[in-house]
Protein chains: 2
Amino acid sequence: MVVPAKPLGKPSVDRRSAEGDRLTEAIELLFFAYRDFISDPDELLDEYGFGRAHHRVVHFVSRNPGITVAELLNILRITKQSLARVLKQLIERGFVAQETGKQDRRQRLLYLTVSGRELEERLAAPQRARVAAALEKAGPGAEDSWRKVLLGLVNDEDRAEVEHRIAKAPVEQH
Amino acid sequence: MVVPAKPLGKPSVDRRSAEGDRLTEAIELLFFAYRDFISDPDELLDEYGFGRAHHRVVHFVSRNPGITVAELLNILRITKQSLARVLKQLIERGFVAQETGKQDRRQRLLYLTVSGRELEERLAAPQRARVAAALEKAGPGAEDSWRKVLLGLVNDEDRAEVEHRIAKAPVEQH
DNA sequence: CATTTTATGTCAGCCATGTTGACATATTTT
DNA sequence: AAAATATGTCAACATGGCTGACATAAAATG
């Protein structure tokens with residue numbers, strides 16, 4: 001019985017190879033990590049009657065004070081209507097404030113109020129602690145690898161923009 | 001004016017420190033990476049009229065042929081009803097097959113059919129390619145760090161189980 | 001200055017997928 | 001024989017995606 005020779009060259013991305021299996025495992029790990037990573041804020045959001053969508057808005061407004069609605073839409077990749085729904089609630093309940101743009105008065109610049117900043121802090125704290133613990137356990141160099149890999153997962157077209165948003169992204173290797 | 005001395009000791013996880021900011025960035029990167037990582041299969045799922053919930057079921061049944069409904073519920077952390085809905089569709093449309101357990105005839109063991117394996121392969125291929133590219137770009141050692149950090153993000157109570165599911169998890173350091 | 005484009009808001013309605021709680025059936029365990 | 005377990009199912013509800021249409025104000029353009 002003739003066993004076909006395994007072709008040489010670039011390692012395959014096929015799961016029938018050991019290489020592919022390792023990738024499948026790496027993918028599966030991302031599922032489990034994300035599942036638990038998200039669980040911390042979820043409980044807290046419940047207390048406020050908010051959901052993950054609110055969390056995302058609060059996070060990005062916190063990170064980009066004065067962000068416009070259009071920019072937020074581009075980050076979240078959801079529709080105007082989906083954003084409007086949660087944004088309206090956050091504004092009504094006093095977590096987010098709007099200001100008319102100075103140069104362009106059509107724009108609504110978004111900011112967190114004091115309550116908004118407090119909410120953001122409460123949401124972020126457990127996630128920061130979780131990530132800090134995971135990075136420390138993974139040893140030195142893990143943070144840099146982590147950043148590089150995550151940045152590499154982003155769509156090519158969007159990478160420059162994401163790098164810009166993330167101030168301290170690792171230097172790209174050529 | 002007296003500026004309070006910064007307390008020494010463990011690096012803070014507070015974002016007002018540089019340490020906290022780096023963590024916030026690392027967290028934000030996870031959002032962007034996950035956003036794009038999920039986008040590949042989403043398009044394909046649309047063609048089948050399926051959603052992400054179907055994808056998860058197909059993935060875990062593929063990785064664990066003969067898995068029981070109870071095990072699947074424990075992995076996905078959703079309710080019986082939520083699972084039943086998508087599982088029913090996958091079975092009706094011939095992507096998943098059920099078998100009565102041999103030892104325990106109450107159990108329904110789940111398997112992918114030939115079509116199911118084909119669907120799984122089509123869904124997984126772009127994600128494997130994306131992860132492979134990201135890991136390669138991040139350089140040697142990135143894969144091990146990646147696994148360690150992700151595993152570290154998992155809830156303490158669940159880590160052993162996840163390690164067991166992921167065959168080649170990195171060795172824990174003491 | 002008149003027109004067009006842009007940024008935003010809003011309405012109505014649909015769909016996927018999460019939730020709860022109750023209950024039924026078959027099978028295994030005690 | 002009774003209790004516990006694995007699964008399936010029903011009704012009902014909430015969140016947060018989506019589409020498409022339309023309105024307003026302000027800016028940009030010819």
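The analysis underlying the following values was restricted to heavy atoms, covering all of them including side chains, and did not include hydrogens, waters or symmetry mates. Letters A, B, ... mirror the listed sequences (proteins, then strands); counts begin at 1.
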Original post:
Rounded to the nearest Å, what distance is computed from the CZ atom of residue A/Arg35 to the P atom of nucleotide C/dG18?
Top reply: 14 Å

Original post:
What do you reckon, are the aromatic ring centroids of B/Tyr111 and B/Phe60 less than 6.0 Å apart?
Top reply: no

Original post:
Rounded to whole angstroms, how far apart are CD on A/Glu71 and C1' on C/dT8?
Top reply: 14 Å

**OP:** Would you indicate whether A/Glu47, at its atom CD, is surrounded by more than 12 heavy atoms from other residues, nucleotides or ligands within a distance under 6.0 Å?
**Re:** yes

Determine all donor-acceptor pairs shorter than 3.5 Å in which one atom belongs to a side chain in residues 83-100 of chain A; sequence neighbours excluded.
from, atom 1, to, atom 2, distance (Å)
A/Gln89, OE1, A/His54, NE2, 2.5
A/Arg93, NH1, A/Tyr48, O, 2.9
A/Arg93, NH2, A/Tyr48, O, 2.9

Subject >> Non-neighbouring partners of A/Asn155 that pass side-chain contact (heavy atoms from CB on, under 4.5 Å), sequence neighbours left out >> reply: A/Glu157, A/Asp158, B/Asp36, B/Ser39, B/Arg130

Subject >> Which nucleotide in D/dT9, D/dT7, C/dG9 has an atom nearest any side-chain atom of B/Thr68 >> reply: D/dT7

Original post:
Whole Å only: how far is the NZ atom of A/Lys88 from the C1' atom of C/dT8?
Top reply: 13 Å

**OP:** Can you tell me the distance, in whole Å, between the CG atom of A/Leu110 and the C1' atom of C/dG9?
**Re:** 13 Å

Subject >> Partner residues of A/Tyr34 under the side-chain contact (heavy atoms from CB on, under 4.5 Å) criterion, sequence neighbours left out >> reply: A/Ile38, B/Leu30, B/Tyr34

Subject >> Between D/dG8 (P) and B/Arg108 (CZ): distance, integer Å >> reply: 6 Å

Subject >> Partners meeting side-chain contact (heavy atoms from CB on, under 4.5 Å) with A/Glu118 (sequence neighbours left out) >> reply: none

**OP:** Report, as a single string ordered 5' to 3', how protein heavy atoms within less than 4.0 Å touch nucleotides 13-21 of chain D: B base, S sugar-phosphate only, - not at all.
**Re:** ---BBBB--

Subject >> Proximity to DNA chain C (any heavy atom under 4.0 Å), residues of residues 98-107 of chain A only >> reply: A/Gln98, A/Arg106, A/Gln107

Original post:
More than 12 non-hydrogen atoms from neighbouring residues, nucleotides or ligands closer than 6.0 Å to CZ on B/Arg77, yes or no?
Top reply: yes

Original post:
Rounded to whole angstrom units, what separation is found between the CG atom of B/Leu87 and the C1' atom of C/dG18?
Top reply: 16 Å

**OP:** Would you mind reading off the distance between B/Ile67 atom CD1 and D/dA6 atom C1', rounded to a whole angstrom?
**Re:** 14 Å

Subject >> Distance in angstrom units between B/Tyr48 OH and C/dA16 P, rounded >> reply: 17 Å

Original post:
Quick one: which of C/dC11, D/dG8, C/dT8 gets closest to the side chain of B/Val69?
Top reply: D/dG8

Original post:
Any side-chain heavy atom of B/Leu151 sitting closer than 4.5 Å to one from B/Ile166?
Top reply: no

Original post:
Between A/Glu28 and B/His59, does a side chain to side chain donor-acceptor pair (under 3.5 Å) hold up when you go through it step by step?
Top reply: CA-CA 9 Å; A/Glu28 196 168 309; B/His59 170 89; 2.9 Å; yes

